Amino acid sequence: MTRLGILISGRGSNFEAIADNVASGAIPAEIAVVLSNRAAAPGLDAARRRGLPAVCIPSKGLDREVYDRMVVEELRRRGVDLVCLAGFMRLLSAAFIRAFPNRILNIHPSLLPAFPGLDAQRQALEHGVRLAGCTVHFVDENLDSGPILIQTAVPVLDADTVETLSARILEQEHRIYSEALRIVIAGNYRIEGRRVVFKEAVSHQPSAIG
Ligand code: GAR
């Protein structure tokens with residue numbers, strides 16, 4: 001059974017959506033650890049309430065290489081074989097990425113490569129795009145980069161605020177992260193350069209996943 005390591009920095013709603021789908025059996029995996037770089041992350045409490053292993057490794061003041069080594073050690077100790085960044089607001093070092101080749105996923109609240117980095121929803125609103133959305137991608141050494149697994153678009157409405165647009169995107173984030181996990185766990189894909197090619201007719205359209 002695939003063992004997931006979920007990395008968070010805050011609220012943890014994407015983690016909770018994944019946890020719901022693991023609990024229902026829709027994602028054939030187990031959550032080996034939920035790890036945060038911030039002790040105050042509400043997602044850590046949510047993990048504890050669910051009876052899942054929840055660990056904080058504070059990143060404050062630590063050199064990136066040193067910090068990442070500690071995280072990789074913890075993930076290895078827990079037998080993690082697939083890493084999910086779920087609102088983990090840190091760039092990963094090359095050593096971290098090499099430790100889990102093509103086994104680290106991230107979700108970002110924009111249609112990449114548009115609007116990488118912080119405040120993607122605000123960036124989209126201020127740019128005046130008509131379509132916003134979210135992306136699940138493999139992680140490489142660059143910010144919000146790496147081969148794309150799934151994207152979904154949502155409309156931007158004239159009356160939108162950052163909050164209303166973020167909420168519309170978040171609903172889709174919760175759906176597509178689980179879809180992406182199902183695809184990666186099934187292994188029905190290959191990576192060709194920047195492209196993720198599905199080997200069989202794997203649908204990345206909306207499914208029964210909640
Ligand atoms: C999500 O919107 C996620 O896409 C974003 O942070 C939020 C975390 O929410 N991630 C990034 O911006 C990464 N560049 P959550 O803690 O409720 O899952």
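Source: prediction; values computed, not measured. Counting starts at 1 for both ligands and their atoms, following the listed order.
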Would you tabulate the side-chain donor-acceptor contacts of residues 112-132 under 3.5 Å, counting partners in other chains and residues two or more places apart, or write 'none'?
from, atom 1, to, atom 2, distance (Å)
Gln123, NE2, Pro116, O, 2.9
Gln123, NE2, Leu118, O, 2.8
Arg130, NH1, Asp158, OD1, 3.2

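Nearest approach of Arg38 to Gly10, heavy atoms of both residues: NH1-CA, 4.0 Å.
The ring pair (Phe, Tyr, Trp, His ring centres under 6.0 Å) check on Tyr189 picks up Phe138, with sequence neighbours excluded. In this structure, Phe88 has no ring pair (Phe, Tyr, Trp, His ring centres under 6.0 Å) partners at least two apart in sequence or on a different chain.
Within a 6.0 Å sphere centred on CD of Glu171, heavy atoms belonging to other residues, nucleotides or ligands number 12 at most.
A side-chain donor-acceptor contact under 3.5 Å links Thr161 to the backbone of Thr164.
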Filter the ligand 1-protein atom pairs down to N or O on both sides and distance under 3.5 Å, then list them.
from, atom 1, to, atom 2, distance (Å)
ligand 1, 2 (O), Glu173, OE1, 3.1
ligand 1, 2 (O), Glu173, OE2, 2.9
ligand 1, 4 (O), Glu173, OE1, 2.7
ligand 1, 4 (O), Glu173, OE2, 3.4
ligand 1, 9 (O), Arg11, NH2, 3.1
ligand 1, 14 (N), His108, ND1, 3.0
ligand 1, 14 (N), Asp144, OD1, 3.3
ligand 1, 16 (O), Gly12, N, 2.7
ligand 1, 17 (O), Arg11, NE, 2.5
ligand 1, 17 (O), Arg11, NH2, 3.1
ligand 1, 17 (O), Ser13, N, 2.8
ligand 1, 17 (O), Ser13, OG, 2.6
ligand 1, 18 (O), Ser13, N, 3.4
ligand 1, 18 (O), Asn14, N, 2.9
ligand 1, 18 (O), Asn14, ND2, 3.0

